[in-house]
Amino acid sequence: MTVAQAHDWQQAMAERIVCHDDMNDVRTIAGVDVGFEENGTVTRSAVAVLAFPQLQLLDFTIARLPTCMPYIPGLLSFRETPAVLAALQQLTVKPDLLLCDGQGRAHPRRFGVACHVGLLSGIPAIGVGKQKLCGEHDVLPDEKNSVVALTEGQETIGTVLRSRRGVKPLYVSIGHRVSLTSAVHFVQQSLAGFKLPEPIRWADGLASNRGKTVEKANHILGRTS
DNA sequence: GCGACAG
DNA sequence: ATCTTGTCGC
């Protein structure tokens, strides 16, 4: 598939994204992230499922697949989704909602990684980016919970959220089966004093295994191996 | 032509 | 994303 064909596919799939709330009661919420090993030749995806709104770890999985393609702005999901879907299928506790590290609808063709993962898995998903891919927005007050619309032309594609004072904001956008208003609400409800929501903090640590996160998670879940 | 460009 | 030293603030 060429870059142009990939673009066409994204544009077509974007029309299948459900942009309104279409989910059951959220009792479990999962963080999704991806890391790389072996000099980038291996893609490692981690999914951490937490109880909602308690935010206690309930389950986690890690999947490793050969890296299928390089990073290309706008086509990130093709590189990460295979590993993410593999990790999701290994879960024992099924998540009611996904918090993906990256953009959702706030994408040039409205089909970021959160949309890609949400659509292919069928699970409601939200995109939480640490950096902006596209769109413009007004100055955001340096106050916790400040929000401002992320727009492109007359279209609102996401919400810029200051999850903590003194840090760069989060770029929240619709992934699948959730409204932007609810998306921002769930992200705020998943914060516990840090810049990133808890589900993503766990997934982030598990994907790169920083600070012996895997060992800590196994300990909490009472797993021997 | 120049700047931007998720992870 | 990944690598990597030092520094600022609570």
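Chain letters run A, B, ... following the sequence lines, proteins first and then strands; every chain starts at 1. What you see below is based on every heavy atom in this structure, not just the backbone, and it leaves out hydrogens, waters and symmetry mates.
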Note: chain A reaches DNA chain B at heavy-atom distances under 4.0 Å over the stretch, first to last nt, 5' to 3', of dC5(B) to dG7(B)
Interface polar pairs with nucleotides 1-5 of chain C, N/O, under 3.5 angstrom:
{"residue": "dA1(C)", "atom": "OP2", "partner": "K130(A)", "partner atom": "NZ", "Å": "3.3"}
{"residue": "dT2(C)", "atom": "OP1", "partner": "F36(A)", "partner atom": "N", "Å": "3.1"}

Exactly one candidate in N24(A), T28(A), V26(A) meets side-chain contact (heavy atoms from CB on, under 4.5 Å) with L97(A); the answer is V26(A)
Exercise. Which part of the nucleic acid, if any, lies within contact of L170(A), taking any heavy atom under 4.0 Å across all strands shown: a base, the sugar-phosphate backbone alone, or nothing?
Worked result: nothing
**OP:** Look only at the side chain of D21(A) and the backbone of S179(A), and say whether a donor-acceptor pair between them is shorter than 3.5 Å.
**Re:** yes
| Can you tell me if T67(A) uses its side chain to pair, donor with acceptor, with the backbone of G40(A) under 3.5 Å? | yes
**Prompt:** Is the shortest distance from a Lys or Arg side-chain nitrogen in E143(A) or R164(A) to a carboxylate oxygen in the other one below 4.0 Å?
**Reply:** no
Q: Indicate yes or no for a side-chain donor-acceptor contact from S121(A) to the backbone of V117(A) under 3.5 Å, with no hydrogens or angles considered.
A: yes
* Can D204(A) and R210(A) be counted as an ion pair, charged N to O under 4.0 angstrom? -> yes
Worksheet entry | salt bridge (charged side-chain N to carboxylate O under 4.0 Å, His left out) assessment of D59(A) paired with R223(A) | CA-CA 10 Å; D59(A) 187 22; R223(A) 294 181 182 174; 2.5 Å; yes
Which of T159(A), V160(A), N145(A), I126(A) passes side-chain contact (heavy atoms from CB on, under 4.5 Å) with V184(A)? Answer is T159(A)
| message | Between the side chains of R110(A) and E152(A), is the shortest nitrogen-to-carboxylate-oxygen separation below 4.0 Å, so that they form an ion pair? | response | yes
Base-paired stretches in DNA chain C with three or more consecutive Watson-Crick or G-U pairs, both distances under 3.5 Å, amount to none
- Query: Should the pair D101(A)-R201(A) be classified as a salt bridge under the 4.0 Å nitrogen-to-oxygen rule?
  - Reply: no
- Task: Tell me what G74(A) touches on the nucleic acid: a base, only sugar-phosphate, or nothing, going by heavy atoms under 4.0 Å.
- Result: base
_Would the distance check show the side chain of K132(A) and the main-chain N or O of G135(A) forming a donor-acceptor pair, the cut-off being under 3.5 Å?_
yes
Side-chain donor/acceptor of T41(A) to backbone N/O of E38(A), under 3.5 Å: yes
Those residues at least two apart in sequence (or on a different chain) that pass ring pair (Phe, Tyr, Trp, His ring centres under 6.0 Å) with F111(A) are W9(A), H116(A)
Is there side-chain contact between S190(A) and L99(A), with heavy atoms separated by less than 4.5 Å? yes
- Go through the side-chain N and O atoms of T151(A) and T156(A) and say whether any donor and acceptor fall under 3.5 Å apart. no
Pairing string of DNA chain B (Watson-Crick or G-U wobble, both atom distances under 3.5 Å; | = paired to other strand) is .......
Base, sugar-phosphate, or nothing for G129(A), non-hydrogen atoms under 4.0 angstrom?
sugar-phosphate
Under 4.0 Å, counting only non-hydrogen atoms across every strand here, what does Q103(A) touch: a base, just sugar-phosphate, or nothing? base
For nucleotides 8-10 of chain C, give me every protein contact, N/O to N/O, under 3.5 Å, one pair per line with atom names.
none

